Amino acid sequence: MPELPEVETSVRALRDSLVGETFSEARIYWPRHIDRPDPQTFRERIVGLRVEDIGRRGKYMVFSLSDDETLIIHLRMTGHLAVVEYNAPLRDHTHTILGLASGKELRFNDTRKFGRLYLVRDQEEVLGKLGPEPLAPDFTPEALATQLERRSMRLKPLLLDQSFIAGVGNIYADEALFHAGLHPKRAADSLTKSEINALHAAIQKVLRMGIAREGASIDRYRKPDGTRGDMQNAVAVFRRTDEPCYHCGAPIRRIVLGGRSTHYCPECQVL
DNA sequence: AAGAGACCCTGGATGC
DNA sequence: TGCATCCAGGGTCTCT
């Protein structure tokens, strides 16, 4: 499942092959992928727009286009983007194809069809509610403390809330809490200053590790070129239910919080 | 504000 | 081998 490190990895790869390209057509085979505008308008409006830069905000890929337009793509669970030659064999579940003036194509493949494309002039209408970027300079331990002290939610569901922190998903939330030594059910406003510092450091540590390892290919995530990342080989708790904790040997436990599976070490992360 | 649950989807796992 | 059922997971929505 693409989270911040997986999206960042994909953005970096696409930047090389896509910046400078101009869209020549849009072929939409699953219209519900187009969140806005309506698919017909999307199809007409994207033609002739040039990709000037590709960035990332949380788990969203942000394509800055000519004419002050922005293409925003969220991969959700199984979305995958790749730039290929127009005559490359078509894979199953390729639901949208954006033709490029060079003859190549940007193909959006998404088995579970949760991914979304947005073509907007004001990107704030899509990104406006996102919380801070966890690797940005202004995300300091003090900033995190200010956010935490006014919330009483349990840490795990809070970390998954994109308006609290942008980009953290189920893998990196579990990993960050393990590295911080914090129980997933701890109330946000109950943390001491040193625990907040530990959480802040752990969030940045696991995200940077994920980027350095080019993402976690735990389910179906692949880089744009189809190869795997390496972060799945460095997880401490995620999907390691009943396996021994690398730190203390206790079996990793799995519980469900906020409807999401949650993995933690009952010895290293006491409530 | 917090928490629970439904929904969208499909492939893979599990059960019989 | 084959069929039915369950489940994960990001984000959004509804209800309490």
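Note on naming: letters A, B, ... go to the chains in the order of the sequence lines (proteins, then strands), and numbering restarts at 1 for each one. Note that the structure is a prediction, hence the values are computed from the model and not measured.
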Can you tell me how far apart NZ (A:K113) and NE2 (A:H95) are? Round to the nearest 0.5 Å. 5.0 Å

Any donor-acceptor pair under 3.5 Å linking the side-chain atoms of A:R116 with those of A:Y118? no

If I take atom NZ in residue A:K129 and atom C1' in nucleotide C:dG10, what distance separates them, rounded to the nearest angstrom? 16 Å

Short side-chain N/O contact to B:dG11 OP1/OP2 from A:H93, under 4.0 Å: yes

Under 3.5 Å side-chain donor-acceptor pair for A:D189 and A:S152: no

Is it the case that the side chain of A:E214 and the backbone of A:G229 share a donor-acceptor pair, with hydrogens and angles ignored and the cut-off at 3.5 Å? no

So does A:R112 reach the base of C:dG10 with its side chain, donor to acceptor, closer than 3.5 Å? no

Contact class for A:R154 vs. all strands (heavy atom < 4.0 Å): base, sugar-phosphate, or nothing? sugar-phosphate

Decide, applying a 5.5 Å centre-distance limit and a 30° plane-angle limit (both strict), whether A:F114 stacks on C:dG10. yes

Does a side-chain N or O from A:S152 land closer than 4.0 Å to OP1 or OP2 of B:dA2, or not? yes

Kindly say if A:K113 contacts the phosphate of B:dC8, meaning a side-chain N or O under 4.0 Å from OP1 or OP2. no

Any donor-acceptor N/O pair under 3.5 Å between C:dG10 base and A:R260 side chain: yes

What is the nucleic acid contact for A:Y118, judged by heavy atoms within less than 4.0 Å: base, sugar-phosphate only, or nothing? nothing

Counting only side-chain nitrogens and oxygens, does A:R150 get under 4.0 Å of the OP1 or OP2 atom of B:dA1? no

